[in-house]
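These notes are about the structure you will find just below.
None of the values given here were measured: they were computed from a predicted structure. Chain identifiers are assigned alphabetically (A, B, ...) following the order of the sequence lines, protein sequences preceding nucleic acid strands; residue numbering begins at 1 within each chain.
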Amino acid sequence: MNRELPKVYEPQEVESRVYEMWEKNGCFKGHRDPDKKPFTIVMPPPNVTGQLHMGHAMDCTLQDILIRFKRMQGYAALWVPGTDHAGIATQIKVEEDLRVNEGLTRHDLGREKFLERVWEWKNKYGSRIVAQQKKMGASCDWDRARFTMDEGCSKAVREVFVSLYDKGLIYKGSRIVNWCPHCVTALSDAEVEYQDKPGHLWHIRYPLTDGSGELVVATTRPETMLGDTGVAVNPADERYKDIVGKTCTLPLVGREMPIVADEYVELDFGTGCVKMTPAHDPNDFEVGLRHNLETIRVLDDHGVVVEGYGKYSGMDRYEARKAIVADLEEQGYLVKVEPYSHNVGTCYRCHNDVEPIISAQWFVKMEPLAKEALRVVNEGETKFVPDRFSKTYTNWMENVHDWCISRQLWWGHQIPVWYCADCGHMTVSRQDATRCEKCGSKNIERDPDVLDTWFSSALWPFSTLGWPDKTPDLDYFYPTDVLVTGYDIIFFWVARMIFSACEHTKQPPFHTVLIHGLVRDDKGRKMSKSLGNGIDPLEMADKYGADALRFNLITGNAPGNDMRFYVEKCEAMRNFANKIWNASRFVMMNLTTDKLGLPETLEQEDKWILSKLNRLVKEVTDNMEAYELGVASAKVYDFIWSDYCDWYIELTKARLQGDDEHAKEQAQRVLVYVLTETLKLLHPFMPFITEEIWQALPHEGDFLMLQKWPEYDEALNFQEAEAAMESVMDVIRAIRARRAEMNVPPSKKAELTIVTPKVAVFDAGRGFLTRLAYASGISLTETEPADTAGMVADVTHDAKVYMPLAELVDIEKEKARLTKDLGKKQGELKGLEGKLSNPGFLNKAPADVVAAEQERAEKLKALIAKIEEQLKAMA
RNA sequence: GGAGGCUUAGCUCAGCCGGUAGAGCGCUUGCUUCACACGCAAGAGGUCACAGAUUCGAGUUCUGUAGUCUCCACCA
């Protein structure tokens, strides 16, 4: 079995080879198995032409950990991957490419040709992100990879649109929408990002038409005045009581406009008079509806002033603003300008200012859908982890506005509505219409717009499993189990999936939503392209190994919290991988048996490690099931490094290097057993290295990733042996500490005298004391030795140990140390005794807690006595 | 204007159902000990933001205060 492995673990070669092995052998496939329970995750589809960033890496790792864990637990685990067509993002990219390389716009090509280009683009770059996910170790069933614009998803989209339309839940209406003049499309509320921007508040004089005076309005967007059709004041405003009902004249334009009273206007803001631009402001639009104000659109789809406004026509909105302000000032209408910081809506894609524009768009009526979506979360059918995000969700859902779903783009699901030029009827159809369903005319034209990207993403959990067809997969794997995503996408996606699933499949799409935070840079800033502070996960994986990167992203993080990315931590995790590698190397170098399982007899140290492992199994499993992945991984880390490597391996060396063949085999088998079980626990977090090592160890079965997850076993709970081992370890630690303080080199061995009531325990530990505490010989006794001259002593709970190294001791330093230690222990004891003399504690605390505290106090007392004695001896 | 998070060792963060605190990095001191210097051993370092409350007992529950970050909201 002796196999020579390199001293330093090289992840690059191992990871690609191991991944290929898994994939070739179908390890990732999700099979319907009537004897198993399904466990399903659908992957949040990344943009098809995107690249993997650190957020994806974390998202991907979390899901992979869960799916690998469940797979090992014996579930029929299915992780469905896929990509999103990402309407605006992709279209913009292709248009940009077209512009730069060919100097063309999409209109030069025409819709059909342009779409061909986008598909080409998709085919060229669509596999990039998949390759990157594979690098991360994602164990998705790639054969089921889906795309939001593939045939099945498109069928689902069509079905949902028509069905909602038939139910009256989709309608077309002229409304104020968020419009991006740069992307030239409508946006949903969720796609608008508000930013505080410094601006100005311009005060403009509007003369009353009857010449009886004037009023002053305040605005942050003077260019919109061209579309003003009224002025509003608060009905309770005494200042303006008399002018309500009169009209005023719009400067520069000359339009006569009514002055109306509306509650919307605040009394104590600005001048108390608000200019009304119903076509370009959502509030004004509402006020306009109440008072029958005219709606005049003055900005076109590109944010340019429309025809009919003289020199302003043809100017873009910012140019027009400048010109209008200048003219107002020149003509004496400008009262004053004050600096004013306000919230400006910007496009989440291009970050240009959004322009509210009145426009005919398609909407989903949210109120009836929100009701059920709220119920399933409120009643716990779908739970958020951590729970606080359910509040974010319900708060949004309770106040949700109708969802604007039409986009003036070409890339996406074209709206399945045909308008009849003859009778004006709208044909809404699952199949492409060839004639008007009402009058039969062939003179029909399809709505040119496409649907919001999130419309198809909203159906993802069921469309990927075959819906609307009743497929066996849908039947078996749906509803899915856990959805993993970042908190930044709750509104965009999670909420919409929930109400869509409730409406169309009559059940919530998953029972748990695991929310994670953002990965930030080392200064706590968001990683972004514009800042150039992004760290490429692929680069990290390449340098330190995907395992190390995964472990970095998971360990020591609480769900839902942002984390900072430190390259140093990647390094530390790489070191951990190397540690496991070398521990395994050690085990294999010493391996002469291929017998599997535990030996018939166990030594004290074997029981110690097995007992600890057993507890680890239970705790890690519990943590995983509670989605406390960061805690789970930290526990495995500690066990491997501290318990297994620092102690257990050292403890086995006596047997491994001794002459007793039976003892050798015994140690080997426990070493292999514990290592194997530990590799299983670590596998979901560090899949590559664990598989690689497991393959090199004696094993049954083909792949570690398909092994059974360890389970707690009461028979492996050895409390006594654990305690005994700890007693010996305490003494080893004490001796090492004393020697370190005295700078005694390891080469200088010492004869030890150990006074202890547990002679048998220490007798069994002789080998460890020799090896790990540098003993040249050990005398065990239950009673104090007669002559302790020239000895330095130290005490532990179960023993007092003498070393003949007194000449090396700095008595004063030693006294100081003991005194300090004594003080600490006495303080601790005082606290304990106070507690134990408190009738409240004795009566109300659970019995086992009281007993434990009593035992602690006893031990402390004994220890204190020993320390005091020692101090006396030194005096 | 609402809602939520965070405030624990020099730095970055863990800490599940309440029983006087942990990790990684950094720092100090030793060590080429036959798996590993991407290492070993020993150490230093914290009144768990502040004030109350509940409790026998509170980083851990509740209330308030301060600082900080984020999300939501139509304030011209």
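Atom CG of A:Asp189 and atom P of B:rC74 are 7 Å apart (whole Å). In this entry the distance linking CG of A:Asp387 with C1' of B:rG5 reads 14 Å, nearest Å. We find that CD of A:Glu568 is positioned 10 Å from C1' of B:rC11, with the value rounded to whole Å. A:Trp641 has its CH2 atom 11 Å from the P atom of B:rA37, to the nearest Å. Atom pair A:Asn343:CG and B:rA76:C1' shows a separation of 13 Å (rounding to whole Å applied). The interatomic distance linking A:Glu628 (CD) with B:rC16 (C1') rounds to 5 Å, in whole Å. A straight line from CZ of A:Phe551 to P of B:rG24 spans 12 Å, rounded to a whole angstrom. Straight-line distance from the CZ atom of A:Arg221 to the P atom of B:rC75: 12 Å, rounded to whole Å.
Looking at heavy-atom distances under 4.0 Å, A:Thr392 makes no contact with the nucleic acid at all. Looking at heavy-atom distances under 4.0 Å, A:Val265 makes contact with a base. A:Gly556 comes within 4.0 angstrom of the backbone, heavy atoms only, and of no base. Residue contacts shown for A:Arg525 are absent, as no nucleic acid heavy atom lies under 4.0 Å away. A:Pro356 comes within 4.0 angstrom of no nucleic acid atom, judged by non-hydrogen atoms across all strands. Within the nucleic acid shown, A:Asn838 comes within 4.0 Å of sugar-phosphate atoms alone, with no base atom in reach, counting heavy atoms only. At a threshold of 4.0 angstrom between heavy atoms, the contacts of A:Phe389 with the nucleic acid are absent. Within the 4.0 angstrom heavy-atom criterion, only backbone atoms of the sugar-phosphate kind lie near A:Phe491; the bases stay farther away. Among the protein residues, A:Tyr774 comes within range of no part of the nucleic acid, since none of its heavy atoms lies under 4.0 Å from any strand. If you check every strand for non-hydrogen atoms under 4.0 Å, A:Lys653 touches a base. Among the atoms of the strands shown, none is found under 4.0 Å from any heavy atom of A:Ala626. Residue A:Phe269 is in base contact, counting any heavy-atom pair closer than 4.0 Å across all strands shown. In this structure, A:Cys273 reaches neither bases nor backbone, as no heavy-atom distance under 4.0 Å exists between it and the strands shown. If you check every strand for non-hydrogen atoms under 4.0 Å, A:Ala634 touches nothing.
Counting only heavy atoms from C-beta on, A:Glu853 has its side chain closest to B:rG19 among B:rG19, B:rC38, B:rA42. With B:rG19, B:rA76, B:rC74 as the candidates, the nucleotide lying closest to the side chain of A:His401 is B:rC74. Closest approach to the A:Ala218 side chain among B:rG19, B:rA76, B:rA41 is made by B:rA76 (side chain taken as heavy atoms from C-beta onward). Among B:rA76, B:rC25, B:rA73, the nucleotide with an atom closest to any side-chain atom of A:Tyr194 is B:rA73. In the set B:rG5, B:rC72, B:rC75, the nucleotide with an atom closest to the side chain of A:Asn561 is B:rG5. Closest to the A:Glu266 side chain, of the nucleotides B:rA42, B:rC75, B:rG19, is B:rC75. When each of B:rC38, B:rC40, B:rG24 is scored by its nearest atom to the side-chain atoms of A:Asn575, the top-ranked nucleotide is B:rC38. Distances were taken from every side-chain heavy atom of A:Asn578 (C-beta onward) to each of B:rC74, B:rU12, B:rC36; the shortest belongs to B:rC36. Distance from the side chain of A:Lys579 is smallest to B:rG39 among B:rG39, B:rC72, B:rA14. With B:rC74, B:rA35, B:rA42 as the candidates, the nucleotide lying closest to the side chain of A:Ala740 is B:rA42.
Between A:Asp387 and A:Lys383 no salt bridge is recorded (no basic side-chain N to carboxylate O distance below 4.0 Å).
For B:rG4, the OP1/OP2 oxygens have a side-chain nitrogen or oxygen of A:Lys391 closer than 4.0 Å. Look at A:Lys569 and you won't find any side-chain N or O under 4.0 angstrom from OP1 or OP2 of B:rC13. Between A:Arg738 and B:rA41 there is no side-chain polar atom (N or O) within less than 4.0 angstrom of OP1 or OP2. Checking the phosphate oxygens (OP1, OP2) of B:rC16, no side-chain nitrogen or oxygen of A:Tyr627 falls inside 4.0 Å. A close approach under 4.0 Å does not occur between any side-chain nitrogen or oxygen of A:Trp647 and OP1 or OP2 of B:rC40. Not one side-chain nitrogen or oxygen of A:Arg739 sits closer than 4.0 Å to the OP1 or OP2 atom of B:rG30.
With hydrogens and angles left out, the side chain of A:Arg574 and the base of B:rC38 share a donor-acceptor pair within 3.5 Å. The base of B:rC36 lies outside donor-acceptor range of the side chain of A:Lys7, with no N or O pair under 3.5 Å. For B:rA35, the base has a donor-acceptor partner in the side chain of A:Glu650 [N/O atoms by modelled type, under 3.5 angstrom].
If you run side chain to side chain contact (heavy atoms under 4.5 Å, CB included) between A:Val335 and each of A:Ile204, A:Val217, A:Val216, only A:Val216 comes through. Checking each of A:Thr512, A:Thr394, A:Leu514, A:Val494 against A:Phe384 for a side chain to side chain contact (heavy atoms under 4.5 Å, CB included) leaves exactly one that passes, namely A:Val494.
In this structure B:rG59 sits in the syn conformation; its chi angle is within 90° of 0.
With both pairing distances under 3.5 Å, B:rA66 is matched to B:rU7 as a Watson-Crick or G-U wobble pair. The partner of B:rA41 is B:rU29, judged by Watson-Crick or G-U wobble contacts that both fall below 3.5 Å. Across all strands shown, nothing is found opposite B:rA58 as a Watson-Crick or G-U wobble partner with both distances under 3.5 Å. Taking a pair to require two hydrogen-bonding distances under 3.5 Å in either a Watson-Crick or a G-U wobble arrangement, B:rC16 remains unpaired.
Both A:Pro839 and A:Phe576 lie close to RNA chain B; mapped to their nearest nucleotides by heavy-atom distance, the more 5′-ward contact belongs to A:Phe576.
Between A:Trp396 and A:Phe491, the ring planes are parallel. Angles under 30° get that label, and only those over 60° would be called perpendicular. Ring pair A:Phe576/A:Tyr637 is tilted by interplanar angle, where 30° to 60° counts as tilted.
Rounded to whole Å, the separation between the C1' atoms of B:rC13 and B:rU7 comes to 12 Å. Distance check on atom C1': B:rU60 versus B:rA53 gives 16 Å, rounded to whole Å. Going from the C1' atom of B:rC72 to that of B:rG57 covers 40 Å, rounded to whole Å. Comparing B:rC40 with B:rC34, their C1' atoms sit 14 Å apart, to the nearest whole Å. Here the separation of B:rA9 from B:rG26, taken at their C1' atoms, is 11 Å to the nearest Å. As rounded to the nearest Å, B:rC71 and B:rU54 have P atoms that lie 39 Å from one another. Taking the C1' atom of each, B:rA21 and B:rC48 are spaced 8 Å apart, rounded to whole Å. Only the C1' atoms considered, B:rC16 is 15 Å distant from B:rU61, to the nearest whole Å.
Side-chain N/O atoms of A:Thr224 and A:Lys275 include a donor and acceptor closer than 3.5 Å.
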